[in-house]
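A short worksheet on the structure shown next.
Here the structure is a predicted model, which is why all the values come from computation and not from measurement.
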Amino acid sequence: MLTTLKTTYTDTRAADLAWALGRERLPALAVLNLELMGAKVELRLLGASHQVLLEEGDVLCSETVACMPGSSTPLPLGVAKRVGDWEYEFAARVETLSRGSFAGRAQELLALVADHPNGLAGTFPGSPHAFTAMLAQRYEGQVRWRTWHAYPQEGQLVATRTRVGVRMGATGASAVGGRAGPRGGGGPVGGAHLPTRRWLFRTVPGLS
């Protein structure tokens, strides 16, 4: 689903994004409710920010990536935590692109998400390459989602990936230090390269 967000583009710097787990539901400009094999997933566009609410059984998970005044948790490279009986894994990176490459990547991602039944994307009036996009899927017992936050004035694309569920062979939860920062040329963060179709989908229809 693709929509034009009825707001001005105010979250203008990738460096301002912060991550939070467990925040309350925030006002959204667009919402997509999904039912993924018993799991209720709510994708919420907050402008150039996002929130995902996941509910299954007695377990609730709320992920927010947004410009949050007073937040002490900048966008991390990666996080692994326990949420009830689930393992929660989050990874992020910032990719810096040339103007031409940025436009091409924006068009590819918007087309992919807009055509996907579990996708939600919003563009901003007057700037078609300024967008936030989200895509969710259930795969191998996990609920997984990807998000992209585009900042054309900086030539930066912030991409995140999240997996929630029971991890096969997991030995525990840990936090990965560091902050997501700009990188060029599609370099790795946590072993992942962003964002190509192969990186998006290891085997269709599952998210990698």
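Following chains of ILVMFWY side-chain contacts shorter than 4.5 Å, one can reach V65 starting from L21, so the two form part of one hydrophobic cluster. Linking Ile, Leu, Val, Met, Phe, Trp and Tyr residues whenever their side-chain heavy atoms come within less than 4.5 Å leaves F124 and V31 in two separate clusters. L109 and L2 fall within the same hydrophobic cluster, where Ile, Leu, Val, Met, Phe, Trp and Tyr residues are linked whenever their side-chain heavy atoms come under 4.5 Å apart, directly or through other members.
Closest approach of E56 and G38 over heavy atoms only: CG-O, 3.9 Å. Pairing each heavy atom of T160 with each of A92, the nearest pair is CG2-CB, 4.0 Å. For the residue pair G122 and L45, the shortest heavy atom distance occurs at N-CD1, 3.5 Å. Taking each heavy atom of A150 and F102 in turn, the nearest pair found is CB-CZ, 3.7 Å. Closest of all the heavy-atom pairs between L32 and G119 is CD2-O, 3.4 Å. L53 and S62 get closest at one heavy-atom pair: CD2-OG, 3.4 Å.
The backbone N or O of L135 lies less than 3.5 Å from no partner atom in the side chain of N118, so there is not a single donor-acceptor pair. At distances below 3.5 Å, not a single donor-acceptor pair connects side-chain atoms of R138 with backbone N or O atoms of V143. Judged by distance alone, the side chain of E154 and the main-chain N or O of A14 form a donor-acceptor pair under 3.5 Å. Side-chain atoms of E35 never come within 3.5 Å of backbone atoms of V41 as a donor-acceptor pair (strictly under, hydrogens ignored).
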- [ ] Could you go through the side chain to side chain contact (heavy atoms under 4.5 Å, CB included) check for R105 and E95 one step at a time?
- [x] CA-CA 11 Å; R105 187 70 55 82; E95 187 174 11; 3.1 Å; yes

- [ ] In sequence, state the C-alpha distance, the side-chain angles, and the governing distance for Q156 and V158, and then conclude on side chain to side chain contact (heavy atoms under 4.5 Å, CB included).
- [x] CA-CA 7 Å; Q156 291 187 334; V158 179; 5.6 Å; no

TODO: Apply side chain to side chain contact (heavy atoms under 4.5 Å, CB included) to the pair V52 and E42, showing each step before the final yes or no.
DONE: CA-CA 6 Å; V52 179; E42 190 173 325; over 6 Å; no

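Here the straight-line distance linking atom CG of L36 with atom CD of Q137 works out to 7.5 Å at 0.5 Å rounding. Between the CZ atom in R163 and the CZ atom in R144 there is a gap of 4.5 Å [rounded to 0.5 Å]. Rounded to the nearest 0.5 Å, atoms CG (L43) and OG1 (T132) are 12.5 Å apart. Once rounded to the nearest 0.5 Å, the distance linking CZ of R161 with CH2 of W145 reads 13.5 Å. To the nearest 0.5 Å, the span separating SG on C67 from CG on L17 amounts to 5.0 Å. Between the CG atom in L120 and the CE atom in M134 there is a gap of 6.5 Å [rounded to 0.5 Å].
Classified by interplanar angle (parallel below 30°, tilted 30° to 60°, perpendicular above 60°), the ring pair F90/W19 is tilted.
By the 4.5 Å heavy-atom criterion applied to side chains, K40 and L34 are not counted as neighbours. Looking at W86 and L54, their side chains come closer than 4.5 Å, going by heavy atoms from C-beta outward. In this structure the side chain of R82 reaches within 4.5 angstrom of the side chain of E87, judged on heavy atoms. Between L157 and H149, every side-chain heavy-atom pair lies at or beyond the 4.5 Å cut-off. Side-chain contact between L110 and W148 is absent, with no heavy-atom pair separated by less than 4.5 Å.
When the options Q51, R44, E24, R23 are evaluated for a side-chain hydrogen bond (donor to acceptor under 3.5 Å, both in side chains) with T64, the one that passes is Q51.
A donor-acceptor contact under 3.5 angstrom links the side chains of E63 and H50, judged on distance only. Using modelled atom types, one finds no donor on one side chain facing an acceptor on the other under 3.5 Å when comparing E89 with T162.
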